[in-house]
Amino acid sequence: MSLYPVLWKELKDMLRDVRTLAAIALMPLIMMPLLGISSIYAQQLQPGVVVVVDDDKACGSIGNILNISSSELKTQIIDALRNGGYLVITHEERNNKLVPDLKVVIPRSFIANLTSFNRTAVVRIVKNVASSKADQAVNIVNSVLAQYSRKVSEAKVEYLGELSSIKLRPDSVLNPILTATVFVGPQGGQVSYAESIRIAIARLLAFSLIFVTTPSTAYITDSVIGEKERKTFESLLATPVPRWALIIGKILSTSLVGLITGLADAAGLILFFTLPSMTYGINMFGYITPSLIATHALAVYLSVLASLAIILPLVIRSGSYRVAQTFSLIVIGLASLVFFMALYVDLDKITPAIVRYILYAIPYTHAVGMIEHIVTNEFSLVTTHLIAMLVIIGVLLWLSLKLFNEEKIIYSKT
Amino acid sequence: MRDNLAVMMKDVVKRFKKVTALNKLSFKVPEGSVYALIGPNGAGKTTTLRILSGLVKPDSGEVKVLGFRMPEEKEKVRGRISYLPEDAGLYQRLTGWENLLYYAMIYYGRDRANEIAEQGAKISGLSKKDLSRKASEYSKGMARRVAIARALMVGSELVILDEPTSGLDVFSSYRIRRMVREYVNETGSTVILSSHNMLEVEAICDYVALINKGVIVAEGSPERLKENYGGRNLEDVFISIVGEGS
């Protein structure tokens, strides 16, 4: 009963701040995908210019197996670049005032060197270092050259086989070692490719928690310090409302708003990665399961709660926006450290053990653990991390209650 | 044992680092009276009221509020008192009505909240239309009327008001004085207030204590003080005790 009035007031107060809420919740949902999509389309909007020059204008052959020509290679390079959205100009069309992003030159004797068995052919690439489009064009040209090089190599191997009367398979000469990858889970059992993708997505989701802590710490600071500055706190502290109800009421209400904004941030990040990948035909949504979504939502909420539980005792004691914001930055930094590490490191496998135990004392480690273990169906580990996180949050809330001191709140400088 | 006293402070000392805010302060407030603490800025009025509200702990001395020892029994006291600090604000995004409803819920729970808030609305004298507006749209006088109504509506045995009319115009101050006096007449509750407004103190208070440098330097009814110090009004008494420019 004592909790209801505090929750009622706090939620009303926060939810009426529609402009701030909308800005915090909608901005990441709009901006992050926009950022992802624009990064692709902006590249397409920027015209990349490549000059392709054939100075050789020669033909050749590998025995009777393959006929090649510099004009054929030139055509293949031009087609690939045009398909990639580049404006390709041949030497003949070249305007001297135009500075290209890339120049590809097939030099004299290219075909002679390519068809020989003791020389190497060279394609000269002149790259404009100030151009953001040049790297992508180099990749396209290299891809064409690799395919052409492979075709010539195979023909040469086949020709040498004919000459030596040895039955040759080009692959056994050109690629004598192949790799065969089998995906296994943490228990050693084989997992599908889809599951391996899911594990990678889990790391991404764990990393997305990095955005969860920021809005909630701002809300709890406003809820305590703001109430003090607006001169409503002192009269409230003299009422019979229990201190636990004040703390839990403020934490629950801010955590709900924090959850909305946190999920919006996380969704924005996922869209940032998935929408551009979908434009390349990769559907990351297909790998996300309901259990992963549910666990992620729980991890988001608990991360918000943990942030509030860490920041509240500090906010209560600090009494000023400036100090509270400094503490908030420390908390956000701590959370970011764990979430960023989760992108590259298995937190449960770090050695020496003392480092692991220190990480376990940070509640965010358990949020990461919950997400990473749900995709590998390690439910006992998910439960262990969940319980550990709840215990840490409980201890922090108890600490808030112990540190709650009306006199310090009233007399602290804002 | 209540001894018919709403408040009893004896030899109370409170220091903030090197500053002594209260220096063996002693006074008693009879039940059902309106008691005023007057004194220059920094005399210790607000600290005294905060100690009575259980928000500040005295360093030494004895404090009893409604028969309960403070701060040991402050939890028992909190449901029986209301406290309005100087410049107490309203929740700006809530309406005037919701501001009343919030405190009504805290003191009486959800079941009686509407009934108590109705009482508050009546005390405030504001129309339903005004009370349905957000507090951010209120004038200073309207906000103060709601804040005082919020303190009075819960029917506390002791109401503590820190400078209730500070910064208000003549009309608003008059309305608030009338609200307080009517409340005491109707409920028989005790009101202890601090003020710089001598006219206000003379108009509504039964007893006045003049506090200076953390001690009570004079106490009694306004008439008695004027008689004892030969003043035409309380302002003369104040000046003759504290001294000009003190």
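Lettering follows sequence order; numbering is per chain, from 1. When reading the values below, keep in mind they use all heavy atoms of this one structure, side chains included, and skip hydrogens, waters and symmetry mates. All values derive from a computational prediction rather than experimental measurement.
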>> Taking side chain as everything from C-beta outward and backbone as N, CA, C, O, which of these in L90(B) sits under 4.5 Å from a heavy atom of chain A? Side chain, backbone, both or neither.
In response: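 Contact with chain A involves the backbone of L90(B) alone.
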
> N405(A) versus chain B, heavy atoms under 4.5 Å apart: side chain, backbone, both or neither?
Replying inline: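 N405(A) has no heavy atom closer than 4.5 Å to chain B.
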
>> Can you see whether Y411(A) engages R50(B) through a side-chain donor-acceptor pair at a distance of less than 3.5 angstrom?
In response: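 Yes, R50(B) and Y411(A) have a side-chain donor paired with an acceptor closer than 3.5 Å.
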
> Between the side chains of S235(A) and Y103(B), is a donor N or O closer than 3.5 angstrom to an acceptor N or O?
Replying inline: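 Indeed, the side chains of S235(A) and Y103(B) share at least one donor-acceptor pair under 3.5 Å.
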
>> Could you go through R110(B) and W8(A), starting from their C-alpha distance and side-chain angles, then the distance that decides it, and tell me whether this counts as side chain to side chain contact (heavy atoms under 4.5 Å, CB included)?
In response: CA-CA 11 Å; R110(B) 288 161 73 184; W8(A) 175 86; over 6 Å; no

>> Can you list the residues of residues 117-132 of chain B that sit under 4.5 Å from chain A, counting heavy atoms only?
In response: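 Hits under 4.5 Å: none found.
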
> For chain A, which residues from residues 18-27 of chain B have at least one heavy atom closer than 4.5 Å to it?
Replying inline: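 Expected list: none.
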
Can you give me the closest heavy-atom contact between [X] and [Y], atom names plus distance?
{"X": "T232(A)", "Y": "G89(B)", "value": "CG2-O, 3.4 Å"}
{"X": "R93(B)", "Y": "R16(A)", "value": "O-NH1, 2.9 Å"}
{"X": "A238(A)", "Y": "Y107(B)", "value": "O-OH, 4.4 Å"}
{"X": "K12(A)", "Y": "L94(B)", "value": "CB-CD2, 3.7 Å"}
{"X": "R78(B)", "Y": "T239(A)", "value": "CD-O, 3.3 Å"}
{"X": "P5(A)", "Y": "I106(B)", "value": "CB-CG1, 4.0 Å"}

>> Taking every non-hydrogen pair under 4.5 Å, which of S53(B), A147(B), A88(B), A104(B) racks up the most with chain A?
In response: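 Heavy-atom pairs under 4.5 Å are most numerous for A88(B).
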
>> If you count heavy-atom pairs within less than 4.5 Å of chain A, which of E75(B), E98(B), Q92(B), K74(B) leads?
In response: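 Sorted descending by pairs with chain A, the first entry is E98(B).
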
> After noting the C-alpha distance and the side-chain angles of Y83(B) and L236(A), does the key distance pass the side chain to side chain contact (heavy atoms under 4.5 Å, CB included) rule?
Replying inline: CA-CA 9 Å; Y83(B) 168 58; L236(A) 180 66; over 6 Å; no

>> I'd like to know whether CZ of F16(B) has more than 12 heavy-atom contacts from other residues, nucleotides or ligands below 6.0 angstrom.
In response: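 Check passes, neighbour count above 12.
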
>> Please enumerate all residues that pass side-chain hydrogen bond (donor to acceptor under 3.5 Å, both in side chains) together with R243(A), with sequence neighbours excluded.
In response: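 For R243(A), the residues satisfying side-chain hydrogen bond (donor to acceptor under 3.5 Å, both in side chains) (neighbours in sequence not counted) are E406(A).
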
> Do side-chain atoms of E407(A) reach the backbone of K57(B) as a donor and acceptor pair under 3.5 angstrom?
Replying inline: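 A pair under 3.5 Å: yes.
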
>> Counting heavy-atom pairs closer than 4.5 Å to chain B, which one of V241(A), I410(A), V6(A), D13(A) comes out on top?
In response: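 Option with the greatest count: D13(A).
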
> Top residue by heavy-atom pair count (under 4.5 Å) with chain B, among M14(A), R230(A), E227(A)?
Replying inline: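 Top count of heavy-atom pairs under 4.5 Å with chain B: E227(A).
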
> Taking only heavy atoms into account, what residues of residues 300-310 of chain A are found under 4.5 Å from chain B?
Replying inline: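 The residues closer than 4.5 Å to chain B amount to none at all.
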
